[in-house]
Amino acid sequence: MELAYSEQYRALQGEVRAFIAKYGHLSPKPGGGRQRPSKKALDWQKLLLEHGYFARNIPAEYGGFGLPLDVLELAVIAEEIAKGGVYPGIMNQGISMLVPTLLEVGTKEQCAQWIERTIRGEVIWCQGYSEPESGSDLAAARTKADVVDGHFVINGQKIWTSSAHYSDMMFLLCRTEPDQPKHKGLSYLLVPMNAPGIEVRPLVTMTGRATFNETFFTNVRVPTDQIVMGRGEGWHVANVTLKYERLLLGDANRLSARLARIRELMERTNLDGQRVMDIPEYRDRLMRLQGEVMASKYHGLRLLTEQARGEDSGLKRLIVKYNGTLLGYRLSSLAVDVLGAAGLAYDAKDEAAETDEATAWHIDNMYDIGLMIGGGSTNIQKNIIAERGLGLPREPKTAPATRS
Ligand SMILES: Cc1cc2nc3c(=O)[nH]c(=O)nc-3n(C[C@H](O)[C@H](O)[C@H](O)COP(=O)(O)OP(=O)(O)OC[C@H]3O[C@@H](n4cnc5c(N)ncnc54)[C@H](O)[C@@H]3O)c2cc1C
């Protein structure tokens with residue numbers, strides 16, 4: 001078996017390396033995030049877009065690089081970016097979830113209106129799905145939108161809305177057809193966050209920071225053309241987005257980049273007078289994780305290959321989110337164990353605290369626990385894989401509570 005890249009891909013490898021050698025000093029630090037992109041991140045994003053190292057396969061008319069999908073090219077770019085230790089580009093709900101959704105089911109006008117500004121990091125989106133009574137059972141959403149005078153008028157409440165406090169737009173799942181069965185009564189709307197009647201109340205997590213929010217809607221008006229697909233088709237659109245969310249949450253390229261950072265951290269950190277990389281317990285953990293990251297990477301390449309062939313990967317995609325978020329947490333836990341107490345005493349109000357490497361790892365590690373819940377909890381993913389993928393018996397329903 002020939003495992004080396006062919007000449008074409010070695011040439012691309014050289015091209016990306018030359019790019020990093022020339023511009024690498026302009027890159028923001030990888031990791032962190034969870035805030036509006038800085039000027040440095042926006043400038044770096046522009047460079048990546050111009051060179052085709054981001055949005056490589058998005059049509060040029062929507063601001064992408066316009067090349068056909070080539071799985072190996074993407075793998076080479078991701079590998080070199082990870083090795084070079086530079087920022088792989090802005091990753092947020094708009095770029096990773098809304099953009100592919102619009103490309104798959106949006107109109108040409110919607111793609112032209114939103115994609116370019118979103119991939120440039122200029123328009124930030126949040127996801128309005130979960131409600132206090134509807135998380136895992138998403139189709140039970142009760143936030144409603146009535147049509148009045150050519151507008152949807154939205155009333156209700158969303159919760160756990162990540163980044164709503166600095167977003168420009170929301171993709172919202174709401175009930176527009178109350179007389180239809182629950183899955184058929186939903187619509188997917190694009191809502192400006194500065195519309196009158198939207199109130200965002202931050203929720204503080206164990207990081208000491210507010211990364212998500214409660215979002216309240218009181219008579220919020222949105223023109224009726226701000227809908228993706230038709231009325232009552234929101235459940236289908238929401239699931240297209242969820243498909244991409246789950247791929248984002250377990251993205252193997254991010255895991256590889258993380259692994260490279262930990263390897264480098266272990267090489268330059270000493271514990272009790274010994275280089276961490278030379279301590280068997282730590283090295284074994286790293287090697288086990290490395291094997292698992294490689295397996296994730298190859299699984300991701302298989303999915304991309306299927307996508308390029310126009311095949312539906314079905315439930316195989318769910319493994320990415322399930323496995324990737326668990327793996328992400330184990331990776332950051334290793335970094336935290338290497339760092340010990342360093343970086344723990346940060347000021348949560350200090351937006352720049354994450355520029356400290358150790359602090360960024362601690363915050364990432366806490367956030368990683370949330371990622372096992374966000375986008376559909378680990379329990380739910382496991383049940384879907386087991387029941388629909390492997391054909392195992394259905395999870396028994398819990399017995400109703402009885403009184404003695
Ligand atoms: C960090 C983070 C970011 C998030 N960002 C967003 C966002 O941007 N937008 C958004 O809309 N939502 C967001 N969420 C919400 C997330 O999607 C929900 O928390 C998730 O879907 C679970 O819903 P829930 O919190 O209502 O829990 P519940 O549905 O009440 O579940 C509680 C527990 O019961 C288990 N459970 C529930 N039903 C079943 C079942 N049938 N079988 C087995 N176990 C079950 C679950 O696994 C879980 O452990 C975010 C959450 C987190 C943690």
Side-chain angles (χ1 to χ4, degrees), residues 32-36 91-98 101 124-143 154 156-175 182 186 188-191 193 198 200-217 234-235 237-246 248-250 318 321-322 324-326 328-329 332 363-388 392-400:
R34 298 180 285 274
Q35 48 193 301
R36 223 181 151 95
M91 205 47 86
N92 58 31
Q93 293 180 321
I95 292 174
S96 307
M97 292 152 57
L98 182 77
T101 301
I124 306 293
W125 293 79
C126 59
Q127 175 190 38
Y129 278 19
S130 305
E131 298 184 6
E133 299 297 322
S134 124
S136 301
D137 186 11
L138 185 59
R142 286 196 296 204
T143 294
I154 308 162
Q157 184 201 341
K158 295 288 167 181
I159 195 168
W160 317 127
T161 332
S162 301
S163 40
H165 50 306
Y166 59 82
S167 288
D168 307 295
M169 294 290 297
M170 171 187 277
F171 44 96
L172 170 79
L173 187 65
C174 60
R175 195 156 297 282
K182 72 177 184 180
L186 297 163
Y188 187 105
L189 309 184
L190 306 178
V191 182
M193 290 301 284
I198 296 186
V200 174
R201 292 188 202 157
L203 292 165
V204 176
T205 70
M206 67 175 155
T207 62
R209 292 172 166 192
T211 46
F212 48 28
N213 307 268
E214 293 178 288
T215 313
F216 295 86
F217 299 82
W235 182 244
V237 186
N239 275 286
V240 173
T241 306
L242 274 176
K243 172 174 83 180
Y244 293 111
E245 176 170 21
R246 288 169 182 159
L248 157 76
L249 289 175
L318 288 196
K321 196 269 165 180
Y322 167 68
T325 52
L326 289 175
Y329 176 64
S332 60
I363 293 179
D364 277 351
N365 186 238
M366 287 186 264
Y367 197 72
D368 286 343
I369 298 173
L371 294 185
M372 293 188 257
I373 302 168
S377 73
T378 296
N379 300 2
I380 299 283
Q381 307 302 305
K382 264 161 87 175
N383 278 354
I384 301 175
I385 294 167
E387 292 167 12
R388 288 192 231 152
L392 295 177
R394 287 186 71 81
E395 167 120 340
K397 294 257 178 263
T398 40

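In listed order, ligands and their atoms are each counted from 1.
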Exercise for review: Given side-chain hydrogen bond (donor to acceptor under 3.5 Å, both in side chains), test E245 with Q127 step by step and report yes or no.
Suggested key: CA-CA 10 Å; E245 176 170 21; Q127 175 190 38; 3.0 Å; yes

I want to confirm something. Looking only at heavy atoms, which of [options] is nearest to [atom]?
atom	options	value
atom 26 (O) of ligand 1	S163, G135, G128	G135
atom 42 (N) of ligand 1	N379, T211, N383	N383
atom 39 (C) of ligand 1	D368, I384, I380	I380
atom 4 (C) of ligand 1	A141, A140, S136, S162	S162

Review point. Taking distance alone, with no angle check, do Y129 and ligand 1 share an N/O pair under 3.5 Å?
Key: yes

Exercise for review: Report yes if some N/O of Q127 lies less than 3.5 Å from some N/O of ligand 1; otherwise report no.
Suggested key: yes

Practice item. Could you list the residues that satisfy salt bridge (Lys or Arg N to Asp or Glu O under 4.0 Å) with R142, not counting sequence neighbours? Key: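 Per chain and number, R142 pairs via salt bridge (Lys or Arg N to Asp or Glu O under 4.0 Å) with no residue.
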
Practice item. Using non-hydrogen atoms of the residue, decide whether M372 is closer than 4.0 angstrom to ligand 1. Key: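 No.
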
Point to revise | Close approach of G375 to ligand 1, heavy atoms, under 4.0 angstrom | key: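 Yes; G375 lies near enough to ligand 1 that a heavy-atom distance drops under 4.0 Å.
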
Point to revise | T143 and R175: CA distance, side-chain angles, deciding distance, side-chain contact (heavy atoms from CB on, under 4.5 Å) verdict | key: CA-CA 6 Å; T143 294; R175 195 156 297 282; over 6 Å; no

Review point. Do other residues, nucleotides or ligands put more than 12 heavy atoms under 6.0 Å from the CD atom of E387?
Key: yes

Considering only non-hydrogen protein atoms, determine which one is nearest to [atom] and report residue, atom name and distance to 0.1 Å.
atom	answer
atom 17 (O) of ligand 1	S130 OG, 3.4 Å
atom 53 (C) of ligand 1	G370 O, 3.3 Å
atom 20 (C) of ligand 1	I373 O, 3.6 Å
atom 13 (C) of ligand 1	W160 O, 3.1 Å
atom 51 (C) of ligand 1	G374 CA, 3.6 Å
atom 48 (C) of ligand 1	S377 OG, 4.2 Å

Check your understanding: Do protein heavy atoms approach atom 34 (O) of ligand 1 to less than 4.0 Å?
Key ->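 Under 4.0 Å from atom 34 (O) of ligand 1, zero protein heavy atoms found.
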
Check your understanding: Does the protein put any heavy atom within less than 4.0 Å of atom 28 (P) of ligand 1?
Key -> yes

Between [atom1] of [X] and [atom2] of [Y], what distance do you get to the nearest 0.5 Å?
X	Y	atom1	atom2	answer
L203	W160	CG	CH2	6.0 Å
M206	T211	CE	OG1	10.0 Å
Y129	T241	OH	OG1	3.5 Å
M170	I154	CE	CD1	9.0 Å

**Study point:** Under-4.0 Å heavy-atom contact with ligand 1, by part of K158 that carries it
**Key:**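 None of K158 does.
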
Exercise for review: Could you list the atoms of ligand 1 found under 4.0 angstrom from a heavy atom of F212?
Suggested key: 1 (C), 2 (C), 3 (C), 52 (C)

Check your understanding: With side chains defined as the heavy atoms from C-beta onward, is the minimum distance between T325 and D368 less than 4.5 Å?
Key ->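 SC-SC contact between T325 and D368 ruled out.
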
Review point. Which residue pairs satisfy the salt bridge (charged side-chain N to carboxylate O under 4.0 Å, His left out) criterion with at least one member in residues 157-174, sequence neighbours excluded?
Key: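 Checked against salt bridge (charged side-chain N to carboxylate O under 4.0 Å, His left out) - neighbours excluded - the pairs reaching residues 157-174 are R36-D168, E131-K158.
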
Review point. Which pair of heavy atoms, one from T215 and one from A164, lies closest together, and at what distance?
Key: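 Looking at all heavy atoms of both residues, the closest pair is OG1-CB, 4.0 Å.
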
